[in-house]
Amino acid sequence: MRVTLLGTGDTTGTPTVGCECDTCETARERDIERTRFSVHVENDRTGESLLVDFSPDFRYQFLRESVPLPDAAIVSHIHFDHLDGLGNVFRVFDSLDVYAADETDPATGESVAETVAGDYDYLDAVTVQPTTPLESTRICGFDVTLVPVDHPPLVCYGLAIEDPETGAKLSLSGDTSYAIPQASREVLADPDLLLADAIVPAELCDAHPIGGRHEDGEGVARTFGTKHMTREGALALADDLGAEQTRLVHVAHFYPAEDAFAEPLALDGETYEL
Ligand SMILES: [Zn+2]
Ligand SMILES: [Zn+2]
Ligand SMILES: [Zn+2]
């Protein structure tokens, strides 16, 4: 399994358009970036590729990394930064299966699969495959399981992607607070590589209108507001899951410049062989 981090940023990316903060300026000087979230997973046994989430930066990411176009894709949730790149399929793909959860979201009255199918019904190439969370589905030769996470007010899903032949395992937290349900944690456990949402360091919770949540024993917030993990929360999750290796993703430009490019925060273009 070959994993390429196409996009490791939050919804505005780093550098953020029009922003002159030290973090964005440092990224420009060093010519490094975090585009909107997406991960490419190649199966070297079958030659197939699976895409996780359709970043608005889809076209640029595929040109920059020179990875093969996907044979199938998964949408974790319906926020702009994970879904709106799907329009790039037009005139590029003849056909593409897009997997998304089949549970009705009380906030929208639709499942992720139904919203994707409705919003992109003009794309003849796309076939939406409604997928039941917590059940394994074979996609591109991998066993893939969507797991409910906690990203209010919308439903959102993390993922476990396992190669049934080699045992290699990639887990993704999805966009989530630290309050990932136990049944989901069991599916995500013991990955070779964990990609965990770590939007800001815990110290920035003071700047959030409702602060932080899910404090640890020392009072450090593991959730920023309600929707995302802090850096400390993501590292605690990695510890809880027994992750062999962890990269922090969905990273915002709000990290101070001295922390923003430190380990284990991911940058676009990193690759991993599992
Ligand atoms: Zn900035
Ligand atoms: Zn989101
Ligand atoms: Zn997001």
Side-chain angles (χ1 to χ4, degrees), residues 7-27 34-37 53 76-83 105-108 112 147-159 171-185 188-189 194-241 243 246-267:
T8 58
D10 71 336
T11 195
T12 68
T14 303
T16 289
V17 176
C19 184
E20 295 174 355
C21 78
D22 288 348
T23 298
C24 288
E25 293 290 24
T26 302
R34 295 188 172 114
T35 59
R36 275 68 68 86
F37 185 79
D53 284 339
S76 65
H77 68 302
I78 61 170
H79 275 154
F80 158 79
D81 49 325
H82 301 260
L83 174 58
D105 185 341
T108 64
V112 175
V147 299
V149 292
D150 181 53
H151 192 50
L154 296 176
V155 295
C156 181
Y157 300 86
L159 281 169
S171 291
L172 297 92
S173 73
D175 281 18
T176 185
S177 82
Y178 180 71
I180 299 175
Q182 188 54 35
S184 298
R185 286 169 174 257
L188 298 174
L194 171 69
L195 303 176
D197 172 5
I199 195 159
V200 294
E203 72 212 38
L204 292 191
C205 289
D206 294 342
H208 193 289
I210 62 162
R213 299 170 68 198
H214 307 127
E215 285 84 1
D216 67 13
E218 264 92 63
V220 176
R222 290 175 288 195
T223 294
F224 177 67
T226 58
K227 288 184 170 63
H228 296 277
M229 286 186 285
T230 60
R231 172 182 57 196
E232 290 77 0
L235 293 173
L237 178 70
D239 203 36
D240 300 343
L241 297 179
T246 301
R247 302 305 287 166
L248 304 186
V249 296
H250 211 279
V251 170
H253 67 130
F254 300 119
Y255 274 86
E258 61 270 26
D259 294 343
F261 308 105
E263 294 296 311
L265 274 63
L267 287 168

Residue pair Val155, Tyr157: steps toward the side chain to side chain contact (heavy atoms under 4.5 Å, CB included) verdict: CA-CA 7 Å; Val155 295; Tyr157 300 86; 3.8 Å; yes
Whether the Asp150 and Ser177 side chains hold a donor-acceptor pair (N or O, under 3.5 Å, no angle test) is what I'd like checked. yes
Does the ring center of His250 lie less than 6.0 Å from the ring center of His82? yes
Before accepting this row, confirm whether a basic side-chain N of the pair Asp10/Arg36 lies closer than 4.0 Å to the acidic partner's carboxylate O. no
With a 4.5 Å cut-off on side-chain heavy atoms, are Ser173 and Val249 touching? no
Quick check: closest heavy atoms across Cys156 and His151, and the distance to 0.1 Å? CB-CB, 3.6 Å
Passes side chain to side chain contact (heavy atoms under 4.5 Å, CB included), Glu263 versus Arg247? Steps please. CA-CA 8 Å; Glu263 294 296 311; Arg247 302 305 287 166; 2.6 Å; yes
Any side-chain heavy atom of Leu241 within less than 4.5 Å of one from Arg185? yes
Which heavy atom in Pro256 sits nearest to a heavy atom in Pro201, and how many Å separate them? CD-CG, 4.1 Å
Establish, from distance only, whether the side-chain atoms of Asp197 and His228 form a donor-acceptor pair under 3.5 Å. yes
Could you tell me the separation between the SG atom of Cys21 and the NE2 atom of His253, rounded to the nearest 0.5 Å? 5.5 Å
Calculate, to the nearest 0.5 Å, the distance between atoms CZ and CD1 belonging to Phe80 and Ile78 respectively. 14.0 Å
The test is side chain to side chain contact (heavy atoms under 4.5 Å, CB included); show your working for Asp105 and Thr108 and say whether it passes. CA-CA 6 Å; Asp105 185 341; Thr108 64; 3.4 Å; yes
May I have the list of side-chain donor-acceptor pairs in residues 210-217 shorter than 3.5 Å, sequence neighbours left out?
from: His214; atom 1: ND1; to: Thr223; atom 2: OG1; distance (Å): 2.7
from: Asp216; atom 1: OD1; to: Glu218; atom 2: N; distance (Å): 2.9
from: Asp216; atom 1: OD1; to: Gly219; atom 2: N; distance (Å): 3.1
from: Asp216; atom 1: OD1; to: Val220; atom 2: N; distance (Å): 2.9

Leu235 side, atom CG; Leu248 side, atom CG - distance, nearest 0.5 Å: 5.0 Å
Taking C-beta and beyond as the side chain, do Asp259 and Arg231 meet within less than 4.5 Å on heavy atoms? yes
What heavy-atom pair brings Gly158 and Val149 nearest, and what distance separates the two atoms? N-CG1, 3.7 Å
Considering all heavy atoms, the nearest Ile180-Thr176 contact: CG1-OG1, 3.5 Å
Could you tell me whether a side-chain N or O of Thr230 sits under 3.5 Å from a main-chain N or O of Gly233, the two making a donor and an acceptor? yes
When rounded to the nearest 0.5 angstrom, what is the spacing between CD1 in Ile199 and CZ in Phe224? 7.0 Å
What's the spacing between Leu265 CG and Tyr255 OH if we round to 0.5 Å? 4.5 Å
Strictly by modelled atom types, are His77 and Asp175 linked by a side-chain donor-acceptor pair under 3.5 Å? yes
Are Leu83 and Asp53 close enough that some pair of their side-chain heavy atoms sits under 4.5 Å apart? no
Nearest-0.5 Å distance that lies between atom CZ in Phe37 and atom CG in Leu195: 6.0 Å
Kindly give the heavy-atom pair with the smallest separation between Tyr178 and Ala236, and that separation in Å. CE1-CB, 4.0 Å
Output yes when a side-chain donor or acceptor of Ser184 lies under 3.5 Å from a complementary backbone atom of Pro148, and no otherwise. yes
Do the side chain of Glu232 and the main chain of Ala202 share a donor and acceptor less than 3.5 angstrom apart? yes
Which atoms form the tightest heavy-atom contact between Thr14 and Ala252, and what is the distance? OG1-C, 4.0 Å
Step by step, work out the side chain to side chain contact (heavy atoms under 4.5 Å, CB included) result for Leu267 and Arg34. CA-CA 6 Å; Leu267 287 168; Arg34 295 188 172 114; 3.8 Å; yes
Neighbour count above 12 (heavy atom, 6.0 Å) for Glu258 CD: yes
